[in-house]
Protein chains: 2
Amino acid sequence: MAGKNFNLSAFLPYRLAVLSERVSRRLAVEYERLHGLSVAEWRVLVHLLRHEKVSVREIHTCVNLDKPRVSRAVARLEAAGFVDKIQDTADARLVAISLTEKGLAALGDILPEAQTIEAHLLACLSPREVQSFFTVMEKLHGVLDGDPKARPRMPADVDGLRD
Amino acid sequence: MAGKNFNLSAFLPYRLAVLSERVSRRLAVEYERLHGLSVAEWRVLVHLLRHEKVSVREIHTCVNLDKPRVSRAVARLEAAGFVDKIQDTADARLVAISLTEKGLAALGDILPEAQTIEAHLLACLSPREVQSFFTVMEKLHGVLDGDPKARPRMPADVDGLRD
DNA sequence: TGACTTTCGTTGCGATTGCAACGATAACAA
DNA sequence: TTGTTATCGTTGCAATCGCAACGAAAGTCA
């Protein structure tokens with residue numbers, strides 16, 4: 001049989017999954033330790049740092065979480081006092097979510113840790129390697145962008161790299 | 001505040017998570033379409049291709065799935081007839097799992113698709129880029145290996161690259 | 001105006017997840 | 001032997017997941 005020598009450990013999707021999960025979990029240790037946050041909650045908070053009064057929909061399209069996940073994350077963040085959620089005056093369907101002081105303070109605790117972890121990871125690479133790594137990830141996304149069976153990518157992840 | 005210009009879309013852990021999930025889902029389309037398999041079941045089957053009569057524990061340490069997940073995946077695979085599970089004669093605690101003809105046939109369907117997807121992804125990269133990409137992933141693992149707060153890596157993923 | 005379609009955020013629900021136990025068996029030590 | 005410890009695979013359980021469907025609120029157009 002053809003695949004007899006198929007090696008899972010060298011299979012790109014598997015490798016990506018294993019590395020990504022390990023990195024995610026390492027980060028999650030800090031979210032959890034500092035303020036009991038989940039990945040979804042962390043992503044929402046980070047998004048709010050740069051965008052005030054945003055809707056669930058906008059967060060959803062920017063941080064790669066489906067709508068229900070964002071909705072529930074926001075609900076938990078609001079209950080914890082990290083976030084304010086008020087109804088939009090112009091469009092009653094919309095909700096305007098923004099950071100509270102407490103939320104900002106929490107980010108102040110977590111962000112440095114997160115950036116330290118990232119810096120720690122990148123420190124083992126040469127500038128050329130870093131550059132190449134991100135380029136390759138981008139190219140792989142490009143392949144999936146052209147694959148009708150792949151889930152389309154959130155626009156923010158394409159544009160977001162520019163600033 | 002320091003992190004005001006923090007950009008999630010350029011944050012390494014986030015980028016890795018997004019890409020990895022997209023690739024995984026693209027693959028999962030094929031598992032599902034062809035034989036209704038989950039990621040866990042796919043990984044177990046692939047492992048069995050190279051290792052006959054293995055225990056749950058061994059699979060667990062080789063394919064980055066926790067024990068309960070392997071146990072349940074095997075149970076489903078057995079119910080579907082893809083796998084045989086017999087009790088080890090020497091050690092009654094152990095179970096010997098191996099592929100059935102049907103399981104082998106299923107792999108025969110899925111493996112080519114999986115390899116095509118991987119090839120399709122890699123085709124957009126130069127040999128140097130591929131080499132660099134895997135090297136970088138390895139180095140990132142190396143950083144986590146030295147980080148006490150990171151979850152240790154499964155030995156098989158270290159050794160597995162050698163063949 | 002009024003019937004339709006679309007978009008909003010939320011909720012329901014079955015399935016899956018991760019983790020901590022569990023009973024059963026084996027290995028080890030006194 | 002017998003008591004202790006370690007390891008096996010499995011199960012319980014609460015939390016989370018993804019997806020579909022929902023009611024409410026615009027938007028659209030005859």
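The sequence lines fix the lettering, A, B, ..., with proteins before strands; numbering per chain opens at 1. Owing to the predicted nature of the structure, the values given are computational and were not obtained by experimental measurement.
- Between the CD1 atom of A:Ile59 and the C1' atom of C:dT10 there is a distance of 14 Å, rounded to whole Å.
- With salt bridges taken as basic N to acidic carboxylate O contacts below 4.0 Å, one links B:Arg15 and A:Glu138.
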Please tabulate, one pair per line, each protein N/O and nucleotide N/O from nucleotides 15-17 of chain D that are separated by under 3.5 Å, including the distance.
unit_1	atom_1	unit_2	atom_2	d
D:dC17	OP1	A:Arg69	NH1	2.3
D:dC17	OP2	A:Arg69	NH1	3.4

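- The two residues A:Glu58 and A:Ser55 come nearest to each other via the heavy atoms N-OG, 3.1 Å.
- Here C:dT10 presents its P atom at 12 Å from CG of A:Leu77, a figure rounded to the nearest Å.
- Every residue two or more places apart in sequence or in another chain that forms a side chain to side chain donor-acceptor pair (under 3.5 Å) with A:Arg22 is listed here: B:His141, B:Asp145.
- No engagement by A:Ala28 is indicated, since no non-hydrogen atom pair under 4.0 Å with the nucleic acid exists.
- Taking the six-membered ring for Trp and thresholds of 30 and 60 degrees, B:Tyr31 and B:Trp42 have nearly parallel ring planes, at less than 30 degrees apart.
- Separating the CD1 atom of A:Ile97 from the P atom of C:dG9 is a distance of 7 Å, rounded to the nearest angstrom.
- Summarising the geometry, the separation between CD on B:Glu32 and C1' on C:dA15 is reported as 13 Å, rounded to the nearest angstrom.
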Contact state string [nucleotides 1-9 of chain D, B base, S sugar-phosphate only, - no protein heavy atom under 4.0 Å]: ------BSB

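- Under the 4.5 Å side-chain contact rule for hydrophobic residues, A:Leu12 and A:Phe6 share a cluster.
- Computed from coordinates, the B:Asn64 CG to C:dT17 C1' distance equals 15 Å when rounded to whole Å.
- Using bins of under 30°, 30° to 60° and over 60° for the plane-to-plane angle, the ring pair A:Phe133/B:Phe133 lands in the parallel bin.
- Salt bridge absent: B:Lys149 and B:Asp147 never bring a charged side-chain N and a carboxylate O closer than 4.0 Å.
- Taking 4.5 Å as the limit, some side-chain heavy atom of B:Asn64 sits within range of a side-chain heavy atom of A:Tyr14.
- Rounded to an integer number of Å, the gap from A:Asp88 CG to C:dT7 P is 17 Å.
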